[in-house]
Protein chains: 2
Amino acid sequence: MKQRPNIHDVADRAGVSIATVSNVINEKGRVSEKTVSKVKMIIEEMGFTPNLSARSLKQMKSSLIGLIVPFQQDDGNLQDNPFYWNLVSGIEAGTRDQKFHVIISGVNENKGEVLDFVKERNIDGLVVVGTYQGSPIMERIKEMQVPCVFIDSYLMEPDLYQVYLDDEQGGYTGTKYLLDKGHTKIAVVGGEAKEDGVTKGRLQGHRIALESRGLTYDERYRIETPGSMEGGYLAAEEIRKLSDVTAVFCFSDVVAFGLMKGLHDLDYKIPEDISIIGFDDLYFSKYVSPPLTTISQDVSMKGRMATQLLIKQIEKMEVVNKKIVLPIDLRERESVIELPSVKLNN
Amino acid sequence: MKQRPNIHDVADRAGVSIATVSNVINEKGRVSEKTVSKVKMIIEEMGFTPNLSARSLKQMKSSLIGLIVPFQQDDGNLQDNPFYWNLVSGIEAGTRDQKFHVIISGVNENKGEVLDFVKERNIDGLVVVGTYQGSPIMERIKEMQVPCVFIDSYLMEPDLYQVYLDDEQGGYTGTKYLLDKGHTKIAVVGGEAKEDGVTKGRLQGHRIALESRGLTYDERYRIETPGSMEGGYLAAEEIRKLSDVTAVFCFSDVVAFGLMKGLHDLDYKIPEDISIIGFDDLYFSKYVSPPLTTISQDVSMKGRMATQLLIKQIEKMEVVNKKIVLPIDLRERESVIELPSVKLNN
DNA sequence: AGTATTTGATTAAACGTTTTACAAATAGCA
DNA sequence: TGCTATTTGTAAAACGTTTAATCAAATACT
């Protein structure tokens, strides 16, 4: 007794050739209704499932998509942000009921190494998150000519497939909200604005909102800090120096959490002494004290869209638009207070 | 010009047979120093990398390990707990510098379906998270005879490979800490204690600690709730009913966060009115207000250990112990206050 | 009736490895 | 010098699919 029935066993039992069985499995070629049902019955009966390694070998593709996420610099771990788990969740969900599976691999953004597995395993496509124009990884990826979808990676080339947020809209909406609540001295805290297009876009929206009210963007109110809780915590000190600030727009919730903690430790009351708005709407955001008002995005959806887009690309289906821009949403909670001055205007 | 050089191309160029090239690649004996270095040079020169699909087909193994994580019941997403991301990080790290890669798949714990890919793709082994004795998944896994390591799944069979925390020690340590701080009316909040061995173990430790002080465990002080923030939030109401409680031991940080929020909304001050201790030590835990005292575990390490254990099992290396129990650690922060009564005793 | 077309199924050659069995060359030893 | 043992290398057969090329039978068209 063999371990696992293969296509030959099925063919023998059904009294047909292996080619016919293959055609039934793949719903290809010409095969009569009668034999289709016969073969299908036998397949069911014997519990046959195809050996995908064999298929991969023949077809030079694997029904595998790779998820490339950046390392932490210091220890060998992946970047410690729950955001990624939501993303994975969406990507995995996007493959369900499809034949694809997800293989996950961390890469050191600086080195861009270890993408060998893509060729070795005949990976069909890649979802790449958080890289930037001209990064070592981008170079490696480009030269190996594999279908790709980039998430949250601002890349200028117009023929790359991308899924990202409408960051400018987000920056605008958040700032507008603060302005409507009467705040005019608004600090922003986020990462570098250079290659990192995420920050750049949000900053741009922020500026536009200010200018729509006749205010001018002041670079001194911009605090640059790593996108971690530690980064936010450290930013609190900077905020204190800017004594006239009444509200802070954090470009990520994680940073906002750190900042809230930092301000708390400096004896600020939120939102009475200072208002805070975040960006991301993490699972935790409605559970911090006070619940964080934030720009909300559906991270899981982002992953799902990316997967769908990638699969379309792999299967050479027609794609109307290579760039998918997801909408943002203001989630109003309790970390922003309305300034009295505006209350009178209403 | 071919797309990608294969073993034949290398053999031709080196003037040897493909068998020899194969032997060089796999460092199997029977080939002289001279030819080894010659072949290696050619491989380097041509940029040859083996086609793993072909290897898989021949060897009936894939160098792929599957990570099985449970679904959320309602939507199709994976369980929304950052814990899993840390785990993935550790598992991924455990495969680095090994030939293995991780393929991730969500399964609905209740249905236990869709494990077909394990056979179809010749998956070498599985890391399974959070299942329980007799679950549908367990049944399916058992019948397909694939190497497995179970994380946080209390399973009685002694010959199963497992990685888990010393939950009993954790329950003991947390409770002991509260007792030392003078608390005697301690509520515990966690999941079901039936099949879920995690809760069971922690509860057992809790009881032992109490009894070591001549106290008896009282079932009325135990609150059963889902292991989510919502669950914790809801538990606050229950705590209020137990009016004489001075401290709460939450069996996960996520639940503790929800509870803190819930108690806050009921106008409790933490830790002044009630002390709280958690379990897990998430990234967030030191950033909530007040910073959460908690039983700490190294989740990433857990993933790494599981991977190592799995690989050993796959490669049939000798394993001294099939069960790895990881230590816990008390992380003392600010959510627990010392009761005056004990202060006098010191 | 004779020929062209369609339909349904088959044969055999790939895909790129690993591996078994065997041959050739070299070394060891009397 | 012969005989055996060891080392180094090879040929060929797998592994389980897909697919291009054929083919026979059945149907359709003059």
Side-chain angles (χ1 to χ4, degrees), chain A residues 2-40 42-43 46-64 99 116-124, chain B residues 2-40 42-43 46-64 99 116-124:
Chain A
K2 299 249 307 260
Q3 284 293 21
R4 215 154 92 68
N6 62 19
I7 208 175
H8 287 98
D9 302 327
V10 174
D12 287 353
R13 184 97 142 243
V16 298
S17 73
I18 59 166
T20 300
V21 177
S22 176
N23 281 331
V24 170
I25 295 168
N26 300 297
E27 290 171 342
K28 271 208 197 141
R30 292 195 274 253
V31 35
S32 70
E33 276 304 329
K34 215 183 309 171
T35 40
V36 165
S37 57
K38 180 171 63 180
V39 169
K40 276 189 174 166
I42 305 278
I43 286 177
M46 302 182 77
F48 164 83
T49 55
N51 181 325
L52 297 189
S53 300
R55 180 179 292 172
S56 288
L57 173 57
K58 178 64 187 176
Q59 300 193 140
M60 291 303 187
K61 56 190 192 187
S62 58
S63 312
L64 242 31
K99 59 184 180 176
D116 279 351
F117 80 99
V118 175
K119 296 182 303 178
E120 292 177 350
R121 292 194 187 272
N122 299 307
I123 301 290
D124 291 342
Chain B
K2 298 250 305 258
Q3 284 293 23
R4 218 155 91 69
N6 63 19
I7 209 176
H8 287 97
D9 301 326
V10 174
D12 288 354
R13 185 97 143 243
V16 298
S17 73
I18 59 166
T20 300
V21 177
S22 176
N23 281 331
V24 170
I25 295 168
N26 300 298
E27 290 172 339
K28 296 248 173 82
R30 36 195 346 96
V31 38
S32 70
E33 276 304 326
K34 216 182 309 171
T35 41
V36 165
S37 57
K38 181 171 62 180
V39 170
K40 276 189 174 166
I42 305 277
I43 285 178
M46 302 183 76
F48 164 84
T49 55
N51 182 325
L52 298 189
S53 301
R55 180 179 291 171
S56 288
L57 172 58
K58 180 63 189 178
Q59 298 193 141
M60 292 303 189
K61 55 190 192 187
S62 59
S63 311
L64 241 31
K99 58 182 180 176
D116 280 351
F117 79 99
V118 175
K119 295 183 302 178
E120 291 178 349
R121 292 194 188 271
N122 299 306
I123 302 289
D124 291 343

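FYI, side chains are in, hydrogens and waters are out, and symmetry mates aren't considered; it's all heavy atoms of this structure. Residue numbers start from 1 in every chain, and the chains themselves are labelled A, B, ... in the order their sequence lines are given, proteins ahead of strands.
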Under 4.0 Å, counting only non-hydrogen atoms across every strand here, what does B:Ser53 touch: a base, just sugar-phosphate, or nothing? nothing
Base, sugar-phosphate alone, or nothing: which one does A:Thr35 contact when heavy atoms must sit under 4.0 Å apart? sugar-phosphate
[X] [atom1] to [N] [atom2], straight-line distance once rounded to whole Å:
X        : N      : atom1 : atom2 : result
A:Lys99  : D:dT18 : NZ    : C1'   : 13 Å
B:Arg121 : D:dT17 : CZ    : C1'   : 14 Å
A:Leu57  : D:dA14 : CG    : P     : 17 Å
A:Asp12  : C:dT11 : CG    : P     : 11 Å
B:Lys38  : D:dT8  : NZ    : P     : 14 Å
A:Met60  : D:dT18 : CE    : C1'   : 12 Å

Partners of [X] by side-chain contact (heavy atoms from CB on, under 4.5 Å), sequence neighbours excluded?
X       : answer
A:Ala19 : A:Ser17
B:Ser37 : none
B:Ser56 : A:Ser53, B:Ser62
A:Ile18 : A:Ile7, A:His8, A:Ala11

Students should find that the end-to-end axis angle of the helix from C:dA1-D:dT30 to C:dA30-D:dT1, with five pairs defining each axis and rounding to 10 degrees, is 40°
For A:Ser22, what residues pass the side chain to side chain donor-acceptor pair (under 3.5 Å) criterion, not counting sequence neighbours? A:Asn26
Check side chain to side chain donor-acceptor pair (under 3.5 Å) between A:Arg55 and all other residues, then give those that pass, not counting sequence neighbours. none
Working note: A:Asn51 + B:Glu120, criterion side-chain contact (heavy atoms from CB on, under 4.5 Å); need CA distance, chi angles, decisive distance, verdict. CA-CA 5 Å; A:Asn51 181 325; B:Glu120 291 178 349; over 6 Å; no
Any N/O pairs under 3.5 Å between the protein and nucleotides 17-23 of chain C? List them or say none.
unit_1	atom_1	unit_2	atom_2	d
C:dT17	OP1	B:Asn51	N	3.2
C:dT17	OP2	B:Ile7	N	2.7
C:dT18	OP1	B:Asn26	OD1	3.3
C:dT18	OP1	B:Asn26	ND2	3.1
C:dT18	OP1	B:Arg55	NE	2.9
C:dT18	OP1	B:Arg55	NH2	3.2
C:dT18	OP2	B:Ser22	OG	2.5
C:dT18	OP2	B:Asn26	ND2	3.3
C:dT18	O2	B:Lys58	NZ	3.4
C:dT19	OP2	B:Lys28	NZ	2.6

Selection residues 13-29 of chain B - residue pairs positive for salt bridge (Lys or Arg N to Asp or Glu O under 4.0 Å), sequence neighbours left out: B:Arg13-B:Glu45
For A:Asp12, is there any backbone N or O sitting under 3.5 Å from a side-chain donor or acceptor partner on A:Asp9? no
